[in-house]
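Every heavy atom of this structure was used, including side-chain atoms; hydrogens, water molecules and symmetry mates were not. Proteins come first, then strands; the chains are lettered A, B, ... in the order of their sequence lines, and each starts at number 1.
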Amino acid sequence: MRRVAIVQTGVANTASVVAAMRRCGAEPTVTDDTGAIAGATHVVLPGVGAFGAGMACLRATGLDRVLSERIAQGRPTLAVCLGLQLLCRSSEESPGVTGLGVLACDVGEFAPTVRVPQFGWNRVQGGAPGGVIETGYAYFANSFRIASAPPEWTPSTAEHGGRFVAALERGAVVGCQFHPELSGAWGLALVRRWLAMEGATPC
Amino acid sequence: MLTRRIIPCLDVRDGRVVKGVRFSGLRDAGDPVELAARYEAEGADEIVILDVAATPDQRQTCCETVARVRASISIPLSVGGGVRALVDAERLLSVGADKVALNTAAVRRPEILRELADRTGRQCVVLAVDAVQWAHGWRVAVRSGAEHTELDAVEWAGVGEALGVGEVLLTSWDRDGTGDGYDIALLRAVASRVRVPIIASGGAKGPAHMIEAFEAGADAVLAASIFHDAAMSIGEVKDALAERGVEVRR
């Protein structure tokens, strides 16, 4: 049976993720319990606030290890906005803080010529055919971004003062710089495709 | 490319949408959940709810309204009005707001902006500036326009950015509900002062006003009367903007 868990990372935005999951037919639990996260079939890692605080939260609860294992095993995991950035090695937002490092890339600032934060709907160029991320408009709210994709991950891209990584996917592990839960019908369709994935069976 | 946002605004009191002129003379304009869902279907890029109630009881009603709207839409929801303390902001975020707009509370104690941004990230914090024209520019109005301060509106937007707000909701008090167009000089002044996105508000009657606002540096435009009165649907507005070369999501 499908068990969807949303990682409790802070006060904000969780309600929107819950609402989107419900609209896609899932009944998620919001938790920071490592057992619940390890046992869920589908895990959403939302993210709000700063990179350093986000990593401190994951380390304090032991979720850093649980999430890294899930992703290494290819189990369905959806990382959103800061959630995606936390999977990287580091971020210019919080110099000196080490990320989960499951993505071999770093997070940096946008070009100085554009408005920051990037707030609003940007055109996403989807990744490989048959993947979770299709071409369409997605809602972004971010001040930092990944400039180029790490090896072994399929990128989707968008433009804001230069091309940046809008999403990365590898099987059932998907990271979105945008907010699928706030991206209207396009975002809900993405969530449904992800919820339908089973991923690798844990051993 | 980031598209320009069209944002319908719901002024909510006692669980109903209301609309007035220069913040007063309010009349009923419908059910917030129905309107929000209709606007999303028409292509709204975001919904703003402004709580124009006055009492704590009514504040609770607003939280219920926010929760009901959240459950029915899949686009961003910003909520403002009556946010006096951090706890008010966090309550709104917990029931389904994605961003919280502060005006009076931030003028009284600017540090609340930094504190909220530290806790939730700057993308959750909107500085709502109600600007009133005077002989030498614009001053900030608080308490739904009831009190005019001596604070310079353009400078205040800059202070808000330095304290960590992620966006400025810039309302011209003089133009609100008039249909005379956005205050373009005000927009230009604030757009050159801050790097964060600006939502233009107050005075829109149609796409021509919105194009003026975008050219003056607005990243998004907010409107209420034209959509509530069904003078134009959001889809029609976006079609008209696209014809004039403005990038919108359709």
Using every non-hydrogen atom in the two residues, find where A71(B) and A19(A) come nearest and quote the distance to one decimal.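 Smallest heavy-atom distance, with atoms named: CA-CB, 4.5 Å.
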So which atom in R115(A) and which in V196(B) form the shortest heavy-atom distance, rounded to 0.1 Å?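 Where R115(A) meets V196(B) most closely, the heavy atoms are NH1-O, 3.2 Å.
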In terms of heavy-atom proximity below 4.5 Å to chain A, should [X] be classed as side chain, backbone, both, or neither?
| X | value |
| --- | --- |
| D45(B) | both |
| A191(B) | both |
| V95(B) | backbone |
| I73(B) | backbone |

Roughly how far apart are [X] [atom1] and [Y] [atom2], rounded to 0.5 Å?
| X | Y | atom1 | atom2 | value |
| --- | --- | --- | --- | --- |
| Q118(A) | L2(B) | CD | CG | 5.0 Å |
| R250(B) | Y137(A) | CZ | OH | 8.5 Å |
| L182(A) | R70(B) | CG | CZ | 5.5 Å |
| I75(B) | S16(A) | CD1 | OG | 11.0 Å |
| T3(B) | N122(A) | OG1 | CG | 7.0 Å |

Counting only heavy atoms closer than 4.5 Å, note whether A158(A) contacts chain B via side chain, backbone, both or neither.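 Contact with chain B: none, neither part.
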Chain B heavy atoms under 4.5 Å from F119(A): which part of the residue, side chain, backbone, both or neither?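 Both backbone and side chain.
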Looking at V114(A), N142(A), V17(A), which has the largest count of heavy-atom pairs under 4.5 Å with chain B?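 Looking at each option in turn, the highest pair count goes to V114(A).
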Heavy atoms only, distances under 4.5 angstrom: which of P117(A), S143(A), P180(A) has the most pairs with chain B? Name it, please.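 The candidate making the most pairs under 4.5 Å is P117(A).
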Surrounding CZ of R244(B) (heavy atoms of other residues, nucleotides or ligands, distance under 6.0 Å), is the total greater than 12?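 No, CZ of R244(B) has 12 or fewer neighbouring heavy atoms, counting only those of other groups under 6.0 Å.
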More than 12 heavy atoms of other residues, nucleotides or ligands under 6.0 Å from CD of E111(B): yes or no?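 Counting neighbours around CD of E111(B), more than 12 heavy atoms of other residues, nucleotides or ligands fall under 6.0 Å, so yes.
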Which of these, R5(B), M1(B), R4(B), sits in a side chain to side chain contact (heavy atoms under 4.5 Å, CB included) with W121(A)?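 Running side chain to side chain contact (heavy atoms under 4.5 Å, CB included) over R5(B), M1(B), R4(B) with W121(A) returns exactly one hit, R5(B).
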Assess, by modelled atom type and distance only, whether the side chains of S74(B) and R23(A) contain a donor and an acceptor separated by less than 3.5 Å.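 Yes, because at least one side-chain N or O of S74(B) sits under 3.5 Å from a partner of the opposite role on R23(A).
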